[in-house]
Amino acid sequence: MLASRVFARGFASSAFQRGAKVAVLGAAGGIGQPLSLLLKLNPNVDRLALYDIVNTPGVAADISHINTKSHVTGHVGQEQLGEALKDAQVIVIPAGVPRKPGMTRDDLFNTNAGIVKTLAEAAAKHAPKAHLLIIANPVNSTVPIVAEVFKKHGVFDPKRLFGVTTLDVVRASTFVGQTKKTEPENINVHVIGGHSGVTIMPLLSQTGIKFSQEEIDALTNRIQFGGDEVVKAKNGTGSATLSMAQAGARFTDSLLRALSGEKGIVEPTYVKSHVAEKDGVEYFATKVELGTEGVKKIHDIGPINDYEKKLYQAAIPELKKNIAKGVEFVKKN
Ligand code: NAD
Ligand code: LMR
């Protein structure tokens, strides 16, 4: 049952216009609910479609009472997925299980790969031109899964597929701010690579801030394993949801503003990239300038010191393995 109905607003069929339809897949979950709430508050969202396999009528009814302009619809179960996706410019995917203490993100692969593949197949069919924002872990593998599904359907455009790594950047600002006793909002840390353990590489040398070696070791480790702090503190009930919702809402907002023509918007994100291609890595996060078509310009890594070169060497084999696992999964299934 739909919780409320979509009111079409006459979108131009090709060009993106301010006031987008955004679909959240996994909208009833720990991330999905606060993310949907934040998107309901975003003036650049015109229609908000909330999809999950459970509970979305209630979540949609609740959020729809907020007096912002967007129209909210709830869609539950596979048979309502097509309607949720139809005409979406942006699809955000937090659907999937979270970690428990002792697990790596890769341990989620067996469950989440299938979920993401199913959702990607529906997106390729019902909204092949949408921009896909992948939150579901392991991001290093789920992004290649979506790419392979879209390739199979002949609709893959690398400019429209993003692994959301914003939380790593948000955490990096916070942790550096705490260490240096400065406002975290003013600190910008370029975090590159992927989204798990050693593949998360903060480039502290590019901040222009002076750190002792002890600070660099501690901060690098904390940024790489920040997710584990939350998993441990939640003690078996899940992983980061509220900070992830904020990070996901920030990335979605940046993309929506860029799609509508705002210039100079740059966010680090995990995309199909030339940056580490020479080392056999097809997907990589660096700063990406967003534009009216999605990815506009992928920035290079920039200058890095010997310490960061070692981080890079450690990340490459892991990233390669994670990416190959995603690609293989779609080939075999
Ligand atoms: P959760 O269990 O609270 O919510 C997941 C939701 O997905 C549930 O509502 C569930 O019903 C739904 N779901 C399951 N299968 C589905 C399907 N086939 N179609 C649609 N919905 C489906 O989990 P959570 O805490 O919200 O985390 C979700 C995912 O996000 C996890 O994989 C987690 O590891 C990941 N995550 C990523 C980042 C990041 O930085 N990219 C940060 C935090 C969490
Ligand atoms: C995070 O970084 O918080 C997420 O990827 C969730 C996790 O498993 O740590």
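For the numbers below, each heavy atom of this structure counts, side chains included, while hydrogens, waters and symmetry mates do not. In this text the structure is predicted, and so the values were computed from the model without any measurement. Both ligands and their constituent atoms are indexed starting at 1 by order of listing. Positions are given from 1, in the same order as the sequence printed here.
- Using a 4.0 Å cut-off between heavy atoms, Asn137 contacts ligand 2 through its side chain alone, with no backbone atom that close.
- Residue contacts with ligand 1: Gly238 is excluded, as none of its non-hydrogen atoms falls under 4.0 Å.
- With respect to atom 14 (C) of ligand 1, the closest heavy atom belonging to the protein is Ile53 CD1, 3.8 Å.
- Not a single N or O atom of Thr241, backbone or side chain, sits closer than 3.5 Å to an N or O atom of ligand 1.
- Distance from atom 44 (C) of ligand 1 to its nearest protein heavy atom, with residue and atom name: Ile31 CD1, 3.3 Å.
- Taking every non-hydrogen atom of Gly227 and a distance limit under 4.0 Å, the qualifying atoms of ligand 2 come out as 1 (C), 2 (O), 3 (O), 9 (O).
- Ranking protein heavy atoms by distance to atom 36 (N) of ligand 1, first place goes to Asn137 ND2, 3.4 Å.
- Heavy atoms of Val97 come nearer than 4.0 angstrom to ligand 1 in at least one pair.
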**OP:** Might you work through the salt bridge (Lys or Arg N to Asp or Glu O under 4.0 Å) test for Asp46 and Lys21, ending with a clear yes or no?
**Re:** CA-CA 6 Å; Asp46 207 40; Lys21 175 173 174 180; over 6 Å; no
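- Under a 4.0 Å criterion applied to the non-hydrogen atoms of His195, ligand 2 contributes the atoms 1 (C), 2 (O), 4 (C), 5 (O).
- Gly30 N, 3.8 Å is the protein heavy atom nearest to atom 1 (P) of ligand 1.
- For His71 and Thr73, the side-chain atoms include no donor-acceptor pair closer than 3.5 Å.
- Contact annotation: for Pro94 versus ligand 1, heavy atoms closer than 4.0 Å belong to the backbone alone.
- Only side-chain heavy atoms of Asn112 come within less than 4.0 Å of ligand 1; its backbone N, CA, C and O stay farther off.
- Distances from atom 9 (O) of ligand 1 to the heavy atoms of Asp52, Leu25, Val76 put Asp52 nearest.
- Within the 4.0 Å heavy-atom criterion, neither part of Val139 lies near ligand 2.
- Annotation: Val164 places an N or O atom under 3.5 Å from an N or O atom of ligand 1; distance criterion only.
- By the 3.5 Å distance cut-off applied to N or O atoms, Arg171 is counted among the residues near ligand 2.
- Under 4.0 angstrom from ligand 1, the non-hydrogen atoms of Val54 all belong to its side chain.
- Of the heavy atoms in His195, only side-chain atoms (C-beta onward) come closer than 4.0 Å to ligand 1.
- Close approach of ligand 1 to Leu108 is summarised as follows: ligand atoms under 4.0 Å from at least one heavy atom of the residue are 34 (O).
- Aromatic ring centroids of Phe162 and Phe251 lie under 6.0 Å apart.
- Salt bridge Lys321/Asp106: absent, no basic N to carboxylate O contact under 4.0 Å.
- Checked against a 3.5 angstrom limit, the closest N/O atoms of Arg99 and ligand 2 fall inside it.
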Original post:
Going through the distances and angles, do Gln178 and Arg222 end up as a side chain to side chain donor-acceptor pair (under 3.5 Å)?
Top reply: CA-CA 12 Å; Gln178 285 169 357; Arg222 195 169 177 210; 2.9 Å; yes
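- Among protein heavy atoms, atom 22 (C) of ligand 1 sits closest to Ala95 CB, 3.6 Å.
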